[in-house]
Amino acid sequence: MIWLLGLLIGMMLAAAIAVLVLENHIAAVAATSIVSLALSVVFVLLRAPDVAMTEAAVGAGLSSLILALSLRRLGLWQIEGDKHPEIAKEGVDA
Amino acid sequence: MRNLTSLLFAAGLAFFLLVIAARFDLGAAPMLVGDAILQEAPAETGAANIVTSVVLGYRGIDTLGEIAILFTASLAAGLVLGRRRPEASRDADSGAVLQISAQLLFPLLLVVGFYIILHGHLTPGGGFQGGVILAAAFFVPLLARPGTSVNHTGLSLVEGLAGAGFILIGLLALFQGKAFLQPLLDKGTLGMLVSAGTLPLLYLAVGLKVGAELAGLLANLADSEVDP
Amino acid sequence: MTLTVLEQISAILVGLALLLGFIRLLLGPTAPDRVVSADTLSVIVTAALVAVGAWLGNALYLDVALVYGALAFVGIVAVARAIEGGHS
Amino acid sequence: MSDPELHWLLYGGAIGLIVIGAAGIVMGKHLFRIILALAIAEAGANLMLVVAGLRPDAVAPIITGGMIPEQMVDPVPQAMVLTAIVIGVGIQALVLSLAIRVYKAYGTLDMREIRLKMAADIDAEAGVDDEVSQEGPAGERPLELPDAVTSGGPGQ
């Protein structure tokens, strides 16, 4: 069982690094939802179904909704890179 | 230079947290409060879900503060975002698939949300999770047809009445000579739907309030002109 | 906990599916690839939550899967709408 | 009882999330990424709290079938984390709407550009008055601040 937990935690950390490294903002939002997805399964394995349900509802549903809506509002939804070329080159990667 | 100090900060934080983690053995922490609550909660509140009895029974006033924080955040977000101009362009409607699936999904999400809220004292779930689902249910049609108008007055009414109901239930206990937000009514049998006194009513109020707040927040965020 | 052979097979399958979907998330050259892989992962995780409920022998965990399945769809649809926004 | 492998796996995951999120907040240059990093750090803190209340061979704190199990997980951290997650999403919405406001005012979310434009704004304000103005925090700063900001800023 511990290997599934290890796989999930590894996924979580890799997705968290991907959030900071990926250039496209929508891809970063998808990676954020992956972090909370893995986290909710970890919470279930840690015998905390209440917390897992909150994390699933908030992290997978509401947070993605809010982030996607504000990306739309900000006009940062471009498929390729960022809106401003000079930021796309150096500003996005943290 | 700046990156170096940042990395140094991150390394220091990691070291600090690792020292904390090394001192805690897994499961060896003395859970004095937790053990006392686990022993007393089923008899004292009648809720099968002990997390619910902690959230609403032992820490009810904390939950009141929490919904106040959520209310303030959604109010401030609405104030900062402002209203859209009526002549601003809207997004186009989505395709037929999303419109039809939104119609199918709306009653389903509504039922799931109320199920989660009303069974908060028996199974995992409760007002916050169910409220999020209710907000999503009311937002899905708006996602399919961005032109749909939102009844902000109705949302404010539901939100205000739910918040007032929560405080009213708390005050009723005060009038009977008990502590604020102390559970009232009959405890019932453990594990039945009608049990645990006023806890399901409190969770219903929390769920309606959270749902209305988040639906208003999402509508504010979506119903605005897209910047060029 | 000790698992039966069938449960172990299901655990391995779930882990493999998670791993493969996650590799696509990391590799995917464009943003739509990554969003689709996130959607796939959410379906896999719904199945994984049901499987965990079966391993632990407790029907309570099915509620988590229900909520997750209902809301992951809404979140992914919102992200998809955000991608499509520029072309309408 | 104590299982060092499990212990370091769980605490390592939580600490990793917190440190990645904190590094993203400190080193991030785009405001949207800083907000995402804040969400990650929050998730790590939540995981650490839940792990602190874990007993490896206990069941969830929910009574099923009318009988009370002898070993249950500590419910108090779980209730706290439940509260924290819900407040976190409220804070996230508030911060995002503030970011939208910043984008409207300055036309960019890059922290370095925002800092330069803010310095330029302060400069313009100060240049008109030619003395320390009485209003707001901008007025209380010395007049040579914009130079200091531009030279000490992200240029190097």
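Side-chain atoms are counted along with the backbone in the values below, which use heavy atoms only and exclude waters and symmetry mates. Protein chains get the first letters and strands the later ones, always in sequence-line order, with residue 1 at the start of each. Everything numeric here is computed off the predicted structure, so don't read it as measured data.
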**Asked** Atom CZ of R101(D) and atom NZ of K104(D): how far apart are they, to the nearest 0.5 Å?
**Response** 5.5 Å
**Prompt:** Side-chain contact, heavy-atom cut-off 4.5 Å: W8(D) with L18(B)?
**Reply:** yes
**Prompt:** Any idea how F32(D) and H30(D) line up, ring-wise: parallel (<30°), tilted (30 to 60°), or perpendicular (>60°)?
**Reply:** perpendicular
**Item:** Toward chain D, the part of L214(B) with a non-hydrogen atom under 4.5 Å
**Value:** neither
**Message:** Looking at Y58(B), I'd like to know if its OH atom is crowded, meaning that more than 12 non-hydrogen atoms belonging to other residues, nucleotides or ligands lie closer than 6.0 Å.
**Reply:** yes
**Message:** Is V73(D) close to chain B through its backbone or its side chain, or both, or neither, when contacts mean heavy atoms under 4.5 Å?
**Reply:** backbone
**Message:** Please classify the contact between L70(B) and chain D as side chain, backbone, both or neither, with a heavy-atom cut-off of under 4.5 Å.
**Reply:** side chain
**Asked** Which value, rounded to the nearest 0.5 Å, describes the distance between T83(D) atom OG1 and N46(D) atom CG?
**Response** 10.0 Å
**Contact class of M80(D) relative to chain B, heavy atoms under 4.5 angstrom** = both
**Message:** Quick check on I85(D) against chain B: is it the side chain, the backbone, both or neither that has a heavy atom closer than 4.5 Å?
**Reply:** neither
**Message:** So which atom in L217(B) and which in A93(D) form the shortest heavy-atom distance, rounded to 0.1 Å?
**Reply:** CD2-CB, 3.4 Å
**Message:** As an exercise: rank L96(D), V76(D), I15(D), V95(D) by heavy-atom pairs under 4.5 Å with chain B and give me the winner.
**Reply:** I15(D)
**Item:** Contacting moiety of E213(B), where chain D heavy atoms sit under 4.5 Å
**Value:** neither
**Complete:** Among A21(B), A73(B), S74(B), A22(B), the residue with the most heavy-atom pairs under 4.5 Å to chain D is A21(B)
